[in-house]
Each structure stands twice: as structure tokens, then as C-alpha cells.
Amino acid sequence: MPKEYKTIQEVAGPLMLVRGVSGVAYNELGEIQLASGETRRCKVLEVNGTDALVQLFESSTGINLSNSKVRFLGRSMELGVSEDMLSRVFDGLGRPIDGGPEILPEKRMDINGLPINPAARNYPQEFIQTGISAIDGLNTLVRGQKLPIFSASGLPHANLAAQIARQAKVRGTNEPFAVVFAAMGITFEESNFFVESFRETGAIDRTVLFINLANDPAVERIATPRMALTAAEYLAFEKGMHVLVILTDITNYADALREVSAARKEVPGRRGYPGYMYTDLASLYERAGRQKGKNGSITMIPILTMPEDDKTHPIPDLTGYITEGQIILSRELYRRGVTPPIDVLPSLSRLKDKGIGEGKTRADHANTMNQLFSAYARGKEAKELMTILGEAALTDIDKLYAKFADAFEQEYVSQGYTANRDIEETLSIGWKLLSILPRSELKRIKDEFLDQYYQG
């Protein structure tokens with residue numbers, strides 16, 4: 001039976017100091033019993049001799065120093081996992097909030113996980129179809145990749161996240177596919193939107209949701225993505241499923257990290273975030289991937305809102321270093337009614353060339369992708385020139401490129417949040433748009449593909 005301590009010295013915000021403890025370890029879980037019989041959870045942040053500094057998971061209201069007791073449980077925070085988690089909704093600490101029964105765990109797993117040994121990793125290479133042309137056609141997602149979405153406040157990243165979660169699938173196989181969706185610091189309306197959106201389309205049957213609301217304690221927010229990744233690791237590496245993990249919003253997570261760090265009086269780093277934020281984010285992102293000798297995989301899409309639309313802000317900046325590319329949403333496209341407003345030029349998937357081509361998508365994919373990027377970039381330049389110098393200053397070919405850029409945004413990028421395009425449809429829209437340009441301009445495409453698909 002764990003020993004109980006009545007030596008709570010002080011409570012400051014989410015932190016509490018307990019004196020005279022022995023045999024307590026860093027990260028160990030504890031329970032505080034109030035005089036009323038209510039119990040609250042906490043974990044050890046620091047041990048200094050016989051003093052333990054613990055972090056509360058719930059609020060500190062009502063903790064009376066003289067008659068509250070603490071006992072340490074001798075284990076770190078765990079999540080009880082089982083295949084019954086699919087189609088269920090949990091809070092940020094893994095407790096069911098959908099009115100259903102408790103999960104009967106097949107096993108309990110430490111939520112901090114184990115980093116995958118780099119030598120045991122398999123290279124990500126199978127194509128994942130999201131049904132969204134701007135991602136599938138131009139910034140392809142592959143199995144085992146970490147591809148963040150950089151958004152800004154007020155942009156519809158929630159709609160895009162829900163659409164990817166509903167539509168994503170591995171083509172041409174009957175391999176089991178699941179989605180683990182973790183939302184941190186969101187409003188009740190957003191939470192309702194996600195749950196209803198998955199229920200309506202039946203996607204909830206293969207989804208596990210972890211929802212941490214904006215009014216939940218900040219400390220719980222730090223545990224939420226780890227809970228989700230633990231569930232994903234179980235489904236992927238124990239049950240052989242292909243799991244897509246969507247984490248939204250990483251900015252709220254980093255703010256919670258800053259809040260707890262400030263309460264601990266740590267020396268702040270850039271913009272007040274803790275100096276260890278890079279390693280902390282890496283400890284989440286690096287849990288994605290594929291392992292040698294195991295069928296399953298974890299593909300991750302973290303979503304973050306860039307404060308002040310600034311991609312040099314520490315959160316997107318550090319995320320960009322750790323992950324393999326980024327999908328950037330544009331306020332300008334959003335104002336023009338392009339949905340989803342994906343800005344394809346600064347977006348990048350560093351592994352896109354690994355998941356496309358013959359046998360994965362189609363042989364002409366790489367050529368058309370390069371040509372579309374090139375033509376769109378030139379079309380945007382032509383439109384800027386037109387704004388400054390007027391249409392008369394453009395050559396006929398520049399006018400065609402400007403026309404191409406408009407059509408590309410309206411037909412290729414803008415598809416709404418319900419259209420689910422397979423890769424063949426995405427490629428054929430690409431060819432239709434390229435046919436606006438004369439064949440002699442399509443220098444990045446092999447003649448054999450032009451003969452087969454060019455419609456000009």
C-alpha cells in the first residue's frame with residue numbers, strides 16, 4: 001500500500017510542494033485526497049532531497065494544506081488501451097466522455113512512449129490518399145510521414161482536419177486503417193463540430209478522439225497528445241493498423257508548456273517559451289513512423305495556428321525543423337473564397353517523390369506535379385505584373401499563364417470540404433488545366449505523357 005503524506009507545504013497555481021517524502025521518482029504519478037474524500041491526480045516534476053514538487057492535473061481549489069493527503073503510486077502516467085477505443089471519445093486524460101462504459105484495457109502503456117531507434121525505422125514510401133488535390137497532387141503525404149499544417153487564427157483548419165480524417169485511406173489494400181484525433185485547448189463548439197462531423201459520415205467507427213477543452217487545466221493539455229500517441233502506438237505496432245494521427249492545435253499545447261514553465265520559475269527562452277520546447281516537441285513528433293518487422297505505421301499531421309501569421313515564430317519554426325515539410329494555409333486565398341485555402345507554392349512535402357509514380361499513383365504524376373508548380377508560379381508573376389503595369393504590358397503567353405493561375409486556384413485547389421477526389425481525378429484536372437497552355441510550354445513533361453494525356 002503506498003505511503004500517505006500529510007506534509008503539503010504550499011500550493012502555487014498548478015504546483016504543490018510536499019516535504020519529507022522518500023523513494024519518490026521523477027514523473028511518478030500521485031493522488032491527492034481532500035478532506036471531502038475527493039481525489040485528484042498529480043505527477044512529480046522535481047525531487048530535491050526529501051522535498052517533491054508535484055504538478056496538479058486538476059485545479060488546486062479546495063486543497064486544504066492541513067488535512068489533505070498525498071500518496072505516490074510508484075508508476076508514471078499510463079493509458080489503458082484496447083481495440084474497443086475505436087469509435088470512442090475521451091477527455092485529455094483518457095477518461096471516456098461520450099456516455100459509454102469505461103474501457104476494459106488489454107494492457108496499460110506509459111504515455112511517454114519509447115522513442116523509435118533510428119536504425120529500427122523503415123523509410124516512409126506508400127502513398128496516402130487524402131482526397132484533397134492540393135495535397136495528393138502536389139504535396140503528397142506518405143505513410144509514416146510527419147506533415148504539419150501551418151494555419152492562422154480564423155482560417156478553416158478545423159474543416160480541413162476533419163476532411164482529412166474522414167477521407168484519408170491507403171489505396172489498393174484492405175489493410176486496417178484508423179485515425180487518432182487529439183484536440184487541445186479547443187472550444188466546446190469546435191469539439192462538437194469534430195464529433196458530429198465524424199458521426200455523420202460514419203468515420204467515427206475507425207476513429208479514437210481525445211478532446212481537451214479550452215477551460216480544462218493547462219497541465220492536462222500537456223498530457224493529451226501523449227495519450228493520443230500512446231493509443232496510436234498500440235493500434236499501429238501491436239495491432240498492425242495504419243494510423244493517421246491529427247493533433248490540433250499545437251500552439252495551444254506550446255502555450256500550456258509555457259504556462260507550466262513560468263509557474264516553475266524556469267528561465268524563459270524565445271518569446272517566453274521554455275528553452276526545452278524543441279526537445280519537447282520532438283518527443284511528440286518523433287513517435288510517428290514505421291518500424292522494421294512491423295506492419296503498422298503512424299503518420300502524423302500536427303496543425304498549428306501561427307501567432308500573427310508569422311512562420312518564423314518559435315512554434316512553426318521548431319516544428320518545421322523536426323517534421324518533413326509543411327502545408328501552409330493562406331489568408332489571401334481564404335478571402336477570395338478558395339476552399340481549402342492551401343497556398344501550394346510555399347507548401348512542401350519533403351517525401352512526396354517517394355510516394356508517387358508507377359504502381360503507387362500514376363507514371364505521369366511527378367512530371368505533371370513539376371509542371372503545375374512551374375506554371376502556377378509564372379502565372380502568379382504575370383498577375384502581379386498585370387496589377388502594376390496593366391494588362392497591355394503582358395505578352396499573349398503571359399496572359400495565358402495568368403488565366404491558368406486563376407483556373408488553377410478555382411478548379412484544382414478550391415474543391416470545398418466535402419469533395420473526395422481520387423488521385424486519377426486530381427491528375428485529370430491537372431491535365432485539363434495544363435491544356436490551357438500551348439504544348440511547347442510544357443517542357444517538364446515527357447513526350448510520351450503529352451501524347452497520352454494532353455488535350456490542347
Side-chain angles (χ1 to χ4, degrees), residues 11-16 27 29-34 36 38-45 54-63 76-80 85 88-100 102-103 111-112 153 157-158 161-162 165 180-198 204 207-232 245-264 273-274 277 280-281 283-284 302-305 307 315:
V11 177
L15 305 181
M16 187 172 83
N27 233 352
L29 209 56
E31 279 180 354
I32 304 153
Q33 191 163 10
L34 308 191
S36 63
E38 183 193 342
T39 58
R40 293 187 191 163
R41 296 205 272 182
C42 60
K43 77 166 182 178
V44 178
L45 277 187
V54 301
Q55 176 174 308
L56 303 167
F57 282 109
E58 284 109 330
S59 81
S60 54
T61 333
I63 295 179
S76 57
M77 201 161 181
E78 293 173 333
L79 174 68
M85 296 177 87
R88 298 294 305 275
V89 185
F90 302 90
D91 70 1
L93 293 177
R95 298 172 295 215
I97 50 171
D98 53 5
E102 288 283 331
I103 294 289
I111 68 160
N112 295 303
S153 58
H157 46 268
V180 174
F181 194 97
M184 295 157 275
I186 62 167
T187 62
F188 183 74
E189 285 78 13
E190 284 178 298
S191 147
N192 220 21
F193 163 75
F194 286 125
V195 176
E196 288 311 309
S197 153
F198 294 157
I204 194 144
T207 305
V208 186
L209 283 106
F210 289 87
I211 290 178
N212 162 271
L213 297 174
N215 60 347
D216 289 334
V219 180
E220 191 178 301
R221 208 155 296 152
I222 294 172
T224 307
R226 292 181 167 81
M227 289 280 173
L229 285 159
T230 305
V245 178
I246 297 178
L247 306 175
T248 180
D249 176 337
I250 294 292
T251 302
N252 294 338
Y253 169 81
D255 287 345
L257 210 58
R258 176 167 66 176
E259 196 178 312
V260 172
S261 169
R264 288 174 68 180
Y273 291 97
M277 187 162 82
D280 191 280
L281 288 173
S283 74
L284 296 180
I303 297 174
L304 55 94
T305 46
I315 305 168

| message | Applying salt bridge (Lys or Arg N to Asp or Glu O under 4.0 Å), can you list everything that pairs with R88, at least two apart in sequence or on another chain? | response | D98
| request: Only counting residues at least two apart or in another chain, list the ones meeting salt bridge (Lys or Arg N to Asp or Glu O under 4.0 Å) with E78. | output: R75, R108
| query | What is the distance from atom CD1 of I315 to atom OG1 of T251, rounded to the nearest 0.5 Å? | reply | 4.5 Å
| task | Write down the atom of G92, the atom of M227, and the distance for their closest heavy-atom approach. | result | O-CG, 3.4 Å
| Roughly how far, to the nearest 0.5 Å, is CG of L304 from CG of L281? | 9.0 Å
| Rounded to the nearest 0.5 Å, what separation is found between the OG1 atom of T224 and the CG atom of L93? | 6.5 Å
| message | Just to verify, what does S60 make a side-chain contact (heavy atoms from CB on, under 4.5 Å) with, not counting sequence neighbours? | response | V11, L56, I63
| said: Taking ring pair (Phe, Tyr, Trp, His ring centres under 6.0 Å) as the definition, give me every residue that meets it alongside F181, ordered by chain and number, with sequence neighbours left out. | reply: F194, F198
| request: Considering non-hydrogen atoms only, spot the tightest contact between A162 and F193 and give its length. | output: CB-CE2, 4.0 Å
| Would I204 and L209 satisfy side chain to side chain contact (heavy atoms under 4.5 Å, CB included), going step by step from the backbone distance to the final call? | CA-CA 9 Å; I204 194 144; L209 283 106; 3.9 Å; yes
| remark: What one should report as the nearest heavy-atom pair of A161 and I303 is CB-CD1, 3.3 Å
| note | Across all chains, not counting sequence neighbours, the ring pair (Phe, Tyr, Trp, His ring centres under 6.0 Å) partners of F57 are none
| field | Residue pairs involving residues 252-264 (criterion salt bridge (Lys or Arg N to Asp or Glu O under 4.0 Å); sequence neighbours excluded) | value | E46-R264, D255-R258, R264-E266
| said: If you compare all heavy atoms of L15 against all heavy atoms of A263, which two are closest, and at what distance to 0.1 Å? | reply: CD1-O, 3.3 Å
| Listed by chain and number, what are the side chain to side chain donor-acceptor pair (under 3.5 Å) partners of E190, not counting sequence neighbours? | T187
| message | If the condition is side-chain contact (heavy atoms from CB on, under 4.5 Å), which residues does P302 pass it with, not counting sequence neighbours? | response | P148, I250, Y285, M300
| query | Residues in side chain to side chain donor-acceptor pair (under 3.5 Å) with S191, at least two apart? | reply | none
| field | side chain to side chain donor-acceptor pair (under 3.5 Å) partners for S76, two or more places apart | value | D110
| request: Apply side chain to side chain donor-acceptor pair (under 3.5 Å) to N252 and list each qualifying residue two or more places apart in sequence or on a separate chain. | output: none
| task | Test Y253 against L247 for side chain to side chain contact (heavy atoms under 4.5 Å, CB included), laying out the working first. | result | CA-CA 10 Å; Y253 169 81; L247 306 175; over 6 Å; no
| query | About how many Å separate CD1 of I211 and CD1 of I186, when rounded to the nearest 0.5 Å? | reply | 5.0 Å
| said: To check you understand the geometry: which heavy-atom pair defines the closest contact between I222 and A256, and what is its length? | reply: CD1-O, 3.9 Å
| Roughly how far, to the nearest 0.5 Å, is NZ of K43 from CD1 of I111? | 6.5 Å
| task | Nearest 0.5 Å please: distance from the CG atom of D249 over to the CG atom of N212. | result | 11.5 Å
| Step by step, would you call L79 with M85 a side chain to side chain contact (heavy atoms under 4.5 Å, CB included)? | CA-CA 11 Å; L79 174 68; M85 296 177 87; 3.9 Å; yes
| request: Let me know which of R41, R40, R95 forms a salt bridge (Lys or Arg N to Asp or Glu O under 4.0 Å) with E58. | output: R95
| For the residue pair G94 and F210, what are the closest heavy atoms and their distance? | CA-CE2, 4.1 Å
| task | May I have all residue pairs that pass salt bridge (Lys or Arg N to Asp or Glu O under 4.0 Å) and include part of residues 208-221, sequence neighbours excluded? | result | none
| request: I would like to know whether L257 and Y273 meet side chain to side chain contact (heavy atoms under 4.5 Å, CB included); could you show each step before the answer? | output: CA-CA 8 Å; L257 210 58; Y273 291 97; 6.0 Å; no
